[in-house]
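So the structure is just underneath, and the comments pick up after that.
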Number of protein chains: 2
Amino acid sequence: MTDCSTCVVRNRAICASLDATEIRALGKMGRKQKVRQGQTLLWEGDGAPVVANVLTGVLKLVVSTADGREQIVGIVFPSDFIGRPFGKESPYTVTAMTDAEVCIFNRNNFDEFASSHPDLQQKLLRRTLDELDRARHWMMLLGRKSASEKVASFLLEMSERLSGQGCGATMPQGWFELPFGRQQIADILGLTIETTSRQLTKMRGEGVLDLPSRREIVINDRAAMETMAG
Amino acid sequence: MTDCSTCVVRNRAICASLDATEIRALGKMGRKQKVRQGQTLLWEGDGAPVVANVLTGVLKLVVSTADGREQIVGIVFPSDFIGRPFGKESPYTVTAMTDAEVCIFNRNNFDEFASSHPDLQQKLLRRTLDELDRARHWMMLLGRKSASEKVASFLLEMSERLSGQGCGATMPQGWFELPFGRQQIADILGLTIETTSRQLTKMRGEGVLDLPSRREIVINDRAAMETMAG
DNA sequence: CGAATATTTGAGGGGGGTCAAATCAAGTGG
DNA sequence: CCACTTGATTTGACCCCCCTCAAATATTCG
């Protein structure tokens, strides 16, 4: 049993469609759970009947081959939804990239609840459609863009999704902090860690961006970056 | 106004969730339209407020860059759904790969109808979730697989989705006919037409498959093909 | 049969992968 | 505070897979 009234994503997650009575019913089914950085919540092919909302932290959705190659197919932020409703098994591995908190539901219970709450289901549908659009545009990046175009596109998208999470102090325009390292950038872009690193170094050399620390990025010349993104 | 009672996909499309009264209401909003091979139904970024069901034929969803590179991000078969409900503009170009028939709706009308028919909306949600899973697994292929793995994976998936559409006569096990040419295979796999052709020729040389004609494929050794798919 | 289009085949080069080593950052214990 | 360890990132050298450009061949259609 969870108290949703104090939930940090109460108004942004799919729960926003529910009124006080409904949310209490849903809250009874859910429980809050902490996940440590690196910990895996769901395994690809696993039958674990679990869905969840993300409260805090960032998680990745990973598909991997038998021989260990990995592709990150989705990045999940607070208020986003995890898991596969109306399915049998999880189609990908879900792992925390930072320490995180999620609000977990039994999938069967959730499916049933969703079926009787059209507004929630419509919210879920809208979210899924957005994810599908994002995934398909990522397919273009993976299939047709060069390494430099990939890195530029990635930085621009991350700048969108991460801007304004600064520490309160006024950060330079274009500054943001990535919640993950080089290997994971590579796994998102379908590149190797070396190529990723080289592209970033090259962009720094050209003055398009600064790299104050490992995970910090400052985009100096957004227009140039957009041109590079193809 | 369309007569849904004789529709070829009446029981497979999302319309299957509706009863006789409802389907008549929906039918009033829709109209059947023929689309010629090569003709484009929706343009990427276009505001055309249109969604549709596919009755016959095969269409492709395409994302392209400013300089003309193309990536096919989805293939649409009969009973599948086209368009972006609850959105402003079409996120990709939709073009017919064969002559096709679609059942078109004004998006605003459809959105409204869907909002008041939870069963239809749930069918749409399930479909969208399936598409999302498919797209994400395709991301792994695009980002991490080699040319031969790509072609093998592609042929196996097409064999699944196209098997049993033979001309009535008993076709060899593993036979199917692709509804598109080499360039389009390349655009699906994120390869060039030359690499695609070479991989197919190589597989024929190894005896894994036969190529009776340009668009026909016969998988001789499915196990070997699965191994190659990675 | 000839023209237009699609596919195959060939030759060559480059972008990004692989392997290896150097450098950097963050702890940890003395 | 510093030596030392550990893991992440960068840099370098090399090479292979796939792309590019070009030409030959096959197929379709008027």
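Not measured: the values here are computed from a predicted model. Quick note on labels: first sequence line is chain A, next is B, and so on, each numbered from 1. Note that these values count all heavy atoms, side chains included, but never hydrogens, waters or copies made by symmetry.
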Under 4.0 Å between any heavy atoms, over every strand shown, what does Ser213(B) touch: base, sugar-phosphate, or nothing? Just pick one. nothing

Regarding Arg198(B) and Glu194(B), does a basic nitrogen lie under 4.0 Å from an acidic carboxylate oxygen? no

Do the side-chain N or O atoms of Thr192(B) get closer than 4.0 angstrom to the phosphate oxygens (OP1, OP2) of dC18(D)? no

Output the rounded distance in Å from CD (Gln199(B)) to P (dC17(D)). 10 Å

Residue mapping more 5' on DNA chain C - nearest nucleotide basis, Ser146(A) or Thr196(B): Thr196(B)

Applying a 4.0 Å non-hydrogen cut-off, can you work out what Leu191(B) is touching in the nucleic acid: base, sugar-phosphate, or nothing? sugar-phosphate

Looking at Thr201(A), I'd like to know whether one of its side-chain N or O atoms comes within less than 4.0 Å of OP1 or OP2 on dT11(D). yes

Holding to side-chain hydrogen bond (donor to acceptor under 3.5 Å, both in side chains), I want the full list of residues that pass it with Ser79(B), two or more places apart in sequence or in another chain. none

Under a 3.5 Å cutoff, is there a donor and acceptor pairing between the side chains of Thr196(A) and Gln199(A)? no

Atom CZ of Arg182(B) to atom C1' of dT25(D): distance rounded to whole Å? 14 Å

Considering only dA8(D), dT27(D), dT11(D), which nucleotide approaches the side chain of Arg214(A) most closely? dA8(D)

Answer yes or no: does a side-chain N or O of Thr195(A) lie under 4.0 Å from OP1 or OP2 of dG16(C)? no

Whole-Å distance, Gln37(A) CD to dA8(D) C1', equals 13 Å

Of dT8(C), dC21(D), dG17(C), the nucleotide closest to the side chain of Glu194(B) is dC21(D)

The criterion is side chain to side chain contact (heavy atoms under 4.5 Å, CB included); which residues satisfy it with Arg107(B), sequence neighbours excluded? Pro49(B), Val51(B), Asp111(B)

Once you round it to whole Å, what is the distance between P of dT27(D) and CD of Gln183(B)? 19 Å

Nearest-Å distance, CG (Leu189(B)) to P (dC18(D))? 12 Å

To the nearest Å, how far apart are Lys150(A) NZ and dG15(C) P? 15 Å

Comparing Leu200(A) and Arg144(A) on DNA chain D - which has the more 5′ nearest nucleotide: Leu200(A)

Arg84(B)/Glu89(B) salt bridge by N-O under 4.0 Å criterion: no

Asp187(B) CG to dC18(D) C1': how many Å, rounded? 16 Å

Whole angstrom value for the distance that separates C1' of dT8(C) from CE of Met203(B): 16 Å

For dT8(C), does either OP1 or OP2 sit under 4.0 Å from a side-chain N or O belonging to Arg198(B)? no

